[in-house]
Protein chains: 2
Amino acid sequence: MSAAVTSRGTAPVTIRAMESSSTAPGGSTRREATRQKLYEAAVTLIAEQGFSATTVDEIAERAGVAKGTVYYNFASKSVLFEELLRHGVGLLAASLREAAEKTARDGGSKVDALDAMVRAGLVFIDRYPAFTQLYVAEMWRTNRAWQSTLMVVRQQAVAVVEDVLREGVEGGEFSDEIDVPLTASALVGMVLVAALDWQSFQPERSLDDVHAALSRLLQGRVSGPGRG
Amino acid sequence: MSAAVTSRGTAPVTIRAMESSSTAPGGSTRREATRQKLYEAAVTLIAEQGFSATTVDEIAERAGVAKGTVYYNFASKSVLFEELLRHGVGLLAASLREAAEKTARDGGSKVDALDAMVRAGLVFIDRYPAFTQLYVAEMWRTNRAWQSTLMVVRQQAVAVVEDVLREGVEGGEFSDEIDVPLTASALVGMVLVAALDWQSFQPERSLDDVHAALSRLLQGRVSGPGRG
DNA sequence: AAATTTGAACTGACTGGTCAGTGCAAAAAC
DNA sequence: GTTTTTGCACTGACCAGTCAGTTCAAATTT
């Protein structure tokens with residue numbers, strides 16, 4: 001397992017995240033399309049079964065590609081998985097940051113920013129449920145090859161929430177007694193688990209509906225009878 | 001696989017939970033001790049590596065027992081895992097229920113009850129971190145043999161939270177607009193993720209400290225400067 | 001109370017199957 | 001004509017589950 005590829009002369013198999021097409025303007029080479037198909041196949045299967053229980057043959061078959069192609073494009077099963085993780089969390093972090101920035105541009109408060117991020121999180125989980133399942137399943141494991149990748153990738157996403165909280169404290173909108181990292185974790189957990197339960201047990205509910213329920217909790221509009 | 005044992009005339013290998021020692025009064029047989037050792041070994045390994053990546057040989061070795069003993073005590077690797085799940089969540093649900101009931105006896109409000117349950121959850125996770133990791137990792141998977149076991153077991157724990165919320169709504173302490181199941185999920189997620197991040201990234205922090213931070217969030221004491 | 005029997009509990013070598021990864025020649029795509 | 005994909009046979013390691021045999025404490029016999 002150690003020596004990786006090296007042998008089969010031709011393939012680059014570098015771990016760069018994207019681009020690097022020939023010289024074409026658009027970018028998207030044939031190879032990129034194949035890799036995308038493999039990501040999609042792998043994310044579903046691994047979310048359902050877990051990494052170890054998912055075979056490379058299955059991934060290839062689901063992607064409609066020969067097994068050799070998997071190894072032409074990725075150095076190993078683990079590398080495919082790691083790149084998949086980076087790819088997915090990159091999307092999430094960008095989406096969260098975008099939501100926070102838009103709120104700021106529109107002159108919203110920090111609570112508004114948090115609320116917008118909750119919604120962005122829900123939209124992401126709604127669009128990529130398999131990725132989310134897989135992320136949750138692997139995040140708190142120890143002794144795994146991609147442990148460090150996960151840490152980096154996690155921090156990327158959580159940091160966006162922490163930044164908003166910190167700015168809120170500095171601006172006097174939030175109590176300076178809140179514990180920023182822990183509160184950020186708790187908020188992420190709230191959205192994550194609520195969304196996964198939504199997908200698993202009440203998939204027919206609308207995103208707006210779920211978002212409303214979480215907003216209420218986030219803004220402490222829980223106590224009190226009538227219209228809280 | 002199907003016919004199970006039968007042959008070796010002697011061994012029962014039934015999946016009965018306990019007792020049935022010779023005639024001894026106490027109860028706790030040798031077998032029970034062995035099963036306990038196997039639970040402990042399995043929970044750690046599976047939390048670290050996942051179910052599929054953990055071999056029965058590893059479990060046996062860690063438990064200081066021969067592989068055959070695993071199969072003498074459990075019908076299969078999956079069955080061992082399922083019984084482990086039931087065993088663990090049973091403990092959690094009991095602990096949560098106990099916390100809620102004690103608060104009620106002491107004349108506390110429903111918010112107090114929720115707060116007590118948050119603490120009970122933290123204590124549980126602190127005591128059985130491996131079990132918690134394993135639970136989170138398997139909960140939202142699909143197409144797994146123990147899917148139904150997990151559903152039952154999840155509901156057992158979440159229902160306790162839902163009950164308190166529902167009672168709070170009926171008693172007028174909580175808004176009747178809250179979405180009970182979803183809010184319960186969100187609360188569980190909040191505690192779960194905050195606690196796992198605590199264990200993973202700041203294990204030196206005290207439970208009281210973490211509990212205080214979550215209490216603040218739970219009670220909406222986040223907004224506002226100074227002492228919120 | 002020593003000798004014998006019983007059987008639940010345990011052992012570990014073994015088996016049959018599975019799977020990650022390789023190698024390569026020929027085809028297809030670009 | 002170069003890059004990428006295909007198809008398929010092959011290897012070597014690994015692993016769930018099996019089973020014939022061992023252990024030993026308690027029960028029974030003498």
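A, B, ... follow the sequence lines: proteins, then strands. Residue 1 opens every chain.
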To the nearest angstrom, how far is [X] atom [atom1] from [N] atom [atom2]?
| X | N | atom1 | atom2 | answer |
| --- | --- | --- | --- | --- |
| A:Leu45 | C:dA20 | CG | P | 12 Å |
| A:Asp57 | C:dA20 | CG | C1' | 9 Å |
| A:Tyr71 | C:dC24 | OH | P | 17 Å |
| A:Glu58 | C:dT18 | CD | P | 12 Å |
| A:Glu32 | D:dT4 | CD | P | 11 Å |
| A:Glu61 | C:dA20 | CD | P | 13 Å |
| B:Ile59 | D:dC15 | CD1 | C1' | 12 Å |
| B:Phe74 | C:dA9 | CZ | C1' | 14 Å |

Suppose we screen for ring-ring contact (aromatic ring centres under 6.0 Å, His included). Which residues come up paired with A:Tyr135, at least two apart in sequence or across chains? none
For B:Trp140, all residues meeting ring-ring contact (aromatic ring centres under 6.0 Å, His included), sequence neighbours excluded: none
Looking only at D:dT4, C:dA9, D:dG17, the nucleotide nearest the B:Arg31 side chain is C:dA9
A:Thr54 near the nucleic acid: base, sugar-phosphate alone, or nothing, with a heavy-atom cut-off under 4.0 Å? sugar-phosphate
Report which part of the nucleic acid A:Ser78 touches: base, sugar-phosphate, or nothing (heavy-atom distance under 4.0 Å, all strands). nothing
Determine whether a donor-acceptor pair (N or O, by modelled atom type, separation under 3.5 Å) exists between the side chain of B:Arg35 and the backbone of B:Asn73. yes
Across all chains, not counting sequence neighbours, the side chain to side chain donor-acceptor pair (under 3.5 Å) partners of A:Glu101 are none
Within the 4.5 Å heavy-atom criterion, are A:Leu91 and A:Phe131 side-chain neighbours or not? no
Ring pair (Phe, Tyr, Trp, His ring centres under 6.0 Å) contacts in which one or both residues fall within residues 34-57 of chain B, not counting sequence neighbours: B:Tyr39-B:Phe74, B:Tyr39-B:His87, B:Phe51-B:Phe81, B:Phe51-B:Trp146
Taking distance alone, no hydrogens or angles, what donor-acceptor pairs closer than 3.5 Å link side-chain atoms of residues 179-193 of chain B to residues at least two apart or in another chain?
{"residue": "B:Asp179", "atom": "OD1", "partner": "B:Leu182", "partner atom": "N", "Å": "3.1"}
{"residue": "B:Asp179", "atom": "OD2", "partner": "A:Arg205", "partner atom": "NH1", "Å": "2.5"}
{"residue": "B:Asp179", "atom": "OD2", "partner": "A:Arg205", "partner atom": "NH2", "Å": "2.5"}
{"residue": "B:Thr183", "atom": "OG1", "partner": "B:Asp179", "partner atom": "O", "Å": "2.7"}
{"residue": "B:Ser185", "atom": "OG", "partner": "A:Asp197", "partner atom": "OD2", "Å": "2.6"}
{"residue": "B:Ser185", "atom": "OG", "partner": "B:Pro181", "partner atom": "O", "Å": "3.4"}

Taking only nitrogen or oxygen atoms into account, show me every contact under 3.5 Å that the protein makes with nucleotides 6-11 of chain D, one pair per line with its distance.
{"residue": "D:dT6", "atom": "OP2", "partner": "A:Ala66", "partner atom": "N", "Å": "3.0"}
{"residue": "D:dT6", "atom": "OP2", "partner": "A:Thr69", "partner atom": "OG1", "Å": "2.6"}

Phosphate contact (C:dA8 OP1 or OP2) by B:Asn73 side-chain N/O below 4.0 Å: no
